[in-house]
Amino acid sequence: MALIVHKYGGTSVGTTEKIEAVAEKVIKHKNAGNQIIVVVSAMSGETNRLVALAHAISDQPVPRELDVLLATGEQVTIALLCMALEKRGCKARSYTGGQVHILTDNAHNKARIREIEDRHIRADLEADQVVVVAGFQGVDEMGNITTLGRGGSDTTAVALAAALKADECQIYTDVDGVYTTDPRIEPKARRLSKITFEEMLEMASLGSKVLQIRSVEFAGKYQVPLRVLSSFEEGEGTLITLEDEAVEEARISGIAFNRDEAQLTVSGVPDQPGIAAGILGPISDANIEVDMIVQNVAADDTTDFTFTVNRGDYKKAMKILQQVVKDMGAREVKGDEAIVKISLVGVGMRSHAGIASKMFQALAAENINIRMISTSEIKISVVVNQKYLELGVRALHAAFGLDREPDPV
Ligand code: ADP
Ligand code: ASP
Ligand code: MG
């Protein structure tokens, strides 16, 4: 008998009809001779609604209370799903994160899972029950409710699969797998039958929200077999694999993008030791994460220093830099919120030269100006004006032939 963890995202449980359809699916898998643990998200739109309620009260809601509020979304879904299962004669029990004891650290709104107690879950499974667990939430050592950051139900599912040594963790969502890029942006995107953990991690961290980045980290660390599939259609989905298994030998496996960035430039900075520390020190002291960084070669003894931050941190960063400019005797600070980052990802990139130049040519052919570039072994990212997001993604998708099956090697 196999133990399978299913996870259903917001759109998959967006109405009571959809919750009933999920119940049917779970029962089908159970009747095929499996033990099933189900993790569910809040009904679609619910978490956003709760966030908006909190912001109607305060610009900066108390993190602890925000978690108390946000955790209610998933609690609704677990109860409704269990009712739908029981109605069909399938024994089921729902648990909140605290009840099943998903222990996290105390970093409210972005907590990390430390430990999961498997005793109750195992006993229920032995008693032929389906176990339904609320995604996205846990408790800290003091019993305070915590949440795991947006998209966190993916991580709950993978963590449960790791803790219980499940045979597979299946993430059911509104697309039938991981695509070469977001199919909402490029309809010609192609489903990948397999992708390596390393590539999936890179795609997730560069903006592909199909899986929360921490869920991929977890799956890689504990070697949890992970699959992304459609809630609505039958299919194989996409298997996230270890690299040494056979993987499509494409040079590029996908294109990720991130709309959530903003760019800041401090210009006319005196060219002397300590510049980067002087500019970025106050930014990191304010807990603002910096992504790409570029410092130009000095001309006239001064230089320009450009970096990107999360768009939500833009105004705060701008204010800090205005002070830094004064203190350093720099010329000015400028910023742009209307930028996006587009990235090519692929482990096959390591062994192939010329990918960067092909990327830049494809963007140039569409007259897309590149503002910043950053590279690593398995990715190349560029920052461009946000109005070029769709055009840029589609141009690169075509240039690298991602709509076609890769040639056999
Ligand atoms: P859920 O509510 O089930 O967690 P999400 O909205 O978090 O679903 O994730 C699924 C969405 O991820 C898809 O609808 C799709 O628009 C988006 N997405 C982004 N990049 C990709 C990709 N490379 N492959 C598939 N989907 C992607
Ligand atoms: N409900 C949470 C969110 O919308 C967690 C999740 O769906 O994974 O981010
Ligand atoms: Mg999600």
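Position 1 is the first residue of the sequence; numbering continues from there. Both ligands and their constituent atoms are indexed starting at 1 by order of listing.
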How about Leu264 and Phe305: do any of their side-chain heavy atoms sit closer than 4.5 Å?
no
Using a 4.0 Å cut-off to any heavy atom of Ser41, which atoms of ligand 2 qualify?
6 (C), 7 (O), 8 (O)
Nearest to atom 7 (O) of ligand 1, what protein heavy atom do you find, and at what distance?
Lys209 O, 3.5 Å
Just by distance, do the side chain of Asp140 and the backbone of Asn144 share a donor-acceptor pair under 3.5 Å?
yes
Please check if the side chain of His397 supplies one atom and the backbone of Val393 the other of a donor-acceptor pair under 3.5 Å.
no
Would you mind listing which atoms of ligand 2 come within a distance below 4.0 Å of any non-hydrogen atom of Arg150?
3 (C), 4 (O), 9 (O)
Any Lys/Arg nitrogen of Lys87 or Glu20 sitting under 4.0 Å from an Asp/Glu carboxylate oxygen of the other?
yes
Residue, atom and distance of the protein heavy atom nearest atom 3 (O) of ligand 1 read Thr173 OG1, 2.7 Å
Taking the side chain as every heavy atom from C-beta outward, state whether Val325 and Arg331 have any pair of such atoms under 4.5 Å apart.
no
Using a 4.0 Å cut-off to any heavy atom of Gly10, which atoms of ligand 1 qualify?
2 (O)
For ligand 2, is there an N or O atom under 3.5 Å from any N or O atom of Asp154?
no
Is there a donor-acceptor pair closer than 3.5 Å between any side-chain N or O of Arg122 and the backbone N or O of Leu164?
yes
Of all the non-hydrogen atoms in the protein, which one sits nearest to atom 21 (C) of ligand 1, and at what distance?
Asp182 CA, 3.7 Å
Say whether Arg150 and Asn48, considering side chains only, have a donor N or O and an acceptor N or O under 3.5 Å apart.
yes
Going by the closest heavy atom to atom 9 (O) of ligand 1, which one wins out of Val210, Leu211, Val13?
Val210
Could you tell me if any non-hydrogen atom of Gly9 lies under 4.0 Å from any atom of ligand 2?
no
By number and element, which atoms of ligand 1 are closer than 4.0 Å to a non-hydrogen atom of Asp174?
10 (C), 11 (C), 13 (C), 14 (O)
Below 4.0 angstrom from a heavy atom of Tyr179, which ligand 1 atoms are there? Numbered from 1 as shown, please.
22 (C), 23 (N), 24 (N), 25 (C)
Can you tell me if Gly10 has a non-hydrogen atom under 4.0 Å from ligand 2?
no
Closest non-hydrogen protein atom to atom 25 (C) of ligand 1, residue and atom name please, with distance?
Gly177 O, 3.4 Å
Quick check on contacts: which atoms of ligand 1 are under 4.0 angstrom from a heavy atom of Val178?
24 (N)
Should the pair Asp154-Lys7 be classified as a salt bridge under the 4.0 Å nitrogen-to-oxygen rule?
yes
Residue part near ligand 1, for Thr181, under 4.0 Å between non-hydrogen atoms:
backbone
Do any nitrogen or oxygen atoms of Gly151 lie less than 3.5 angstrom from nitrogen or oxygen atoms of ligand 2?
yes
Please tell me whether Thr308 and Glu261 have a donor and an acceptor in their side chains that are separated by less than 3.5 angstrom.
yes
Tell me which protein heavy atom sits closest to atom 4 (O) of ligand 1, plus the residue, atom name and distance to 0.1 Å.
Lys7 NZ, 3.1 Å
Using heavy atoms and a threshold below 4.0 Å, how should the contact between Glu74 and ligand 2 be classified: side chain, backbone, both, or neither?
side chain
Below 4.0 Å from ligand 1: does a non-hydrogen atom of Arg191 turn up there or not?
no
For Arg184, atoms of ligand 1 separated by under 4.0 Å from a heavy atom:
13 (C), 14 (O), 15 (C), 16 (O)
Audit row: Ser215, Gln212, side chain to side chain donor-acceptor pair (under 3.5 Å) steps and yes/no
CA-CA 5 Å; Ser215 72; Gln212 196 197 35; 5.7 Å; no
Trace of the side-chain contact (heavy atoms from CB on, under 4.5 Å) decision for Leu103 with Glu117:
CA-CA 8 Å; Leu103 181 70; Glu117 212 180 276; over 6 Å; no
For Thr147 and Asp67, does a side-chain donor sit closer than 3.5 Å to a side-chain acceptor?
yes
Salt bridge or not between Arg184 and Asp174? Use side-chain N to carboxylate O under 4.0 Å.
yes
Evaluate Lys7 for polar contact with ligand 2, using N/O atom pairs at a separation under 3.5 Å.
no
Return yes or no for this condition: an N or O of Ser12 is under 3.5 Å from an N or O of ligand 1.
no
